[in-house]
Amino acid sequence: MPAISASSPGKIILLGEHAVVYARRAIAIPVSQVQARTVITPLVRQPAGYIQVQAVNLQLDAPLAELPADDPIRQAVELTLGALNVQRAPAMHIRIHSSIPIAAGLGSGAAVSVAVIRAVSTYLGKPLPVEDVSALAYEVEKTYHGTPSGIDNTVIAYHQPVLFQKGQPIQPFSPGGKFTFLIADTGISAATREQVSGVRERWQADPAAYESLFDRIDALSGQAFQSLQAGDTEMTGRWMTENHHLLQQMGVSCSQLDELVNAALEHGALGAKLSGAGGGGNMIALVSDEHARSVEDALRSHGARQVIQTGLE
Ligand code: MEV
């Protein structure tokens, strides 16, 4: 058997994080500048069923069977074997490498799952269709993140900009013009599970206030969906910044995220907000070509550890 590889992108949420967990609309795009990559090679000296996992970024190199049962890589492999009805796969070595920062809102967990599921199913000669890849990655997300909406596995598996709403068919879309985003890392890692459960506790304590925040975010996602398709950068930026203010009210921003958002807006960004679960991680700024450089410089001088440029056209 020849070696097989599969790669998947990271992602950013343009609008709608957290509200999307409560079945409101959200918009996400893939980020190809960062990638998770899985390479599978045969292990000729090992018996069928033996699988060795090497996750370079986690300094992990162990037999699959020795990983904890709820380990996300183990789950991705076992769910794939189960979906394909394979009891004893030919012995294989699975090597995973990712340039997507962990716990930073860029979808690293879903990207690793998608790349593993694709590589394993292809290696076994039964590549799974995209909807199955996404559905299996969602199962992994559930044990890892608690109550995920499914947006991360969807945008990463489909590798397309999407308007996403839980329980509805996904709506891929094409932008009506050029959109350039800067993604700036606070350097603070924040677990999605904790941010999501924090929102849940506050929602339970004050459902009316949170339902109203979710509804307002849903409306912004709907408006931004129109603006993106119309190529209207100014209005898209405005909806993004309004979304940040609502996320602040939900208690998922932090001083470093707010500082980066303010710095971006003061230096000419069309819009800026935290992206992903918040509490740290990354923020995004929508910039014109004219202001891209000055906004990037401002983000760095206000503490951004890394700035990645991505876009839609
Ligand atoms: C995480 O990328 C986005 C959240 O809305 C969680 C989810 O949708 O599962 C915070």
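Start at 1 and go down the list; that is how both ligands and their atoms are numbered. We use all heavy atoms of the structure for the numbers below, so side chains are in, but hydrogens, waters and symmetry mates are not.
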TODO: Find all atoms of ligand 1 within a distance of less than 4.0 Å from any non-hydrogen atom belonging to I151, and give their numbers and elements.
DONE: 8 (O)
TODO: Using salt bridge (Lys or Arg N to Asp or Glu O under 4.0 Å) as the criterion, list what pairs up with D297, not counting sequence neighbours.
DONE: R293
Open item on the list: Side chain or backbone, does T192 bring an N or O within less than 3.5 Å of an N or O on ligand 1?
Closed with: no
Open item on the list: Please classify the H145 to ligand 1 contact at 4.0 Å (heavy-atom distances, strictly less than): side chain, backbone, both or neither.
Closed with: neither
Task: Sub-4.0 Å heavy-atom approach of E141 to ligand 1 - done: no
Task: Enumerated ligand 1 atoms positioned under 4.0 Å from heavy atoms of V20 - done: 5 (O), 8 (O)
Open item on the list: Please list the nearest protein heavy atom to atom 9 (O) of ligand 1 with its residue and the distance rounded to 0.1 Å.
Closed with: S149 N, 2.8 Å
TODO: Might you work through the salt bridge (Lys or Arg N to Asp or Glu O under 4.0 Å) test for R24 and E211, ending with a clear yes or no?
DONE: CA-CA 10 Å; R24 282 13 178 238; E211 286 294 322; 2.5 Å; yes
Task: Check ion pair R238-E234 (N to O, under 4.0 angstrom) - done: no
- [ ] Please tell me if the side chains of L128 and R118 come closer than 4.5 Å, counting only heavy atoms from C-beta onward.
- [x] no
Task: Note: D218-R25 ion pair, threshold 4.0 Å (strictly below) - done: yes
TODO: Please identify which atoms of ligand 1 are closer than 4.0 Å to at least one heavy atom of E17.
DONE: 5 (O)
Open item on the list: Would you call the rings of F214 and Y210 parallel, tilted or perpendicular, taking 30° and 60° as the class edges?
Closed with: perpendicular
Task: Heavy atoms from other residues, nucleotides or ligands near CD of E194 exceed 12 (cutoff 6.0 Å) - done: no
Task: Atom indices of ligand 1 within 4.0 angstrom of P148 heavy atoms, with elements - done: 9 (O)
TODO: Identify, by atom number and element, the atoms of ligand 1 in contact range of I13, meaning under 4.0 Å from any of its heavy atoms.
DONE: 2 (O), 3 (C)
TODO: For I102 and S189, work out which heavy atoms get closest and say how close.
DONE: O-CB, 4.4 Å
Open item on the list: I'd like to check which ligand 1 atoms, numbered from 1 as shown, lie under 4.0 Å from a non-hydrogen atom of K11.
Closed with: 2 (O)
TODO: Could you check atom 5 (O) of ligand 1 against the protein and tell me its nearest heavy-atom contact, residue, atom and distance included?
DONE: H18 N, 2.8 Å
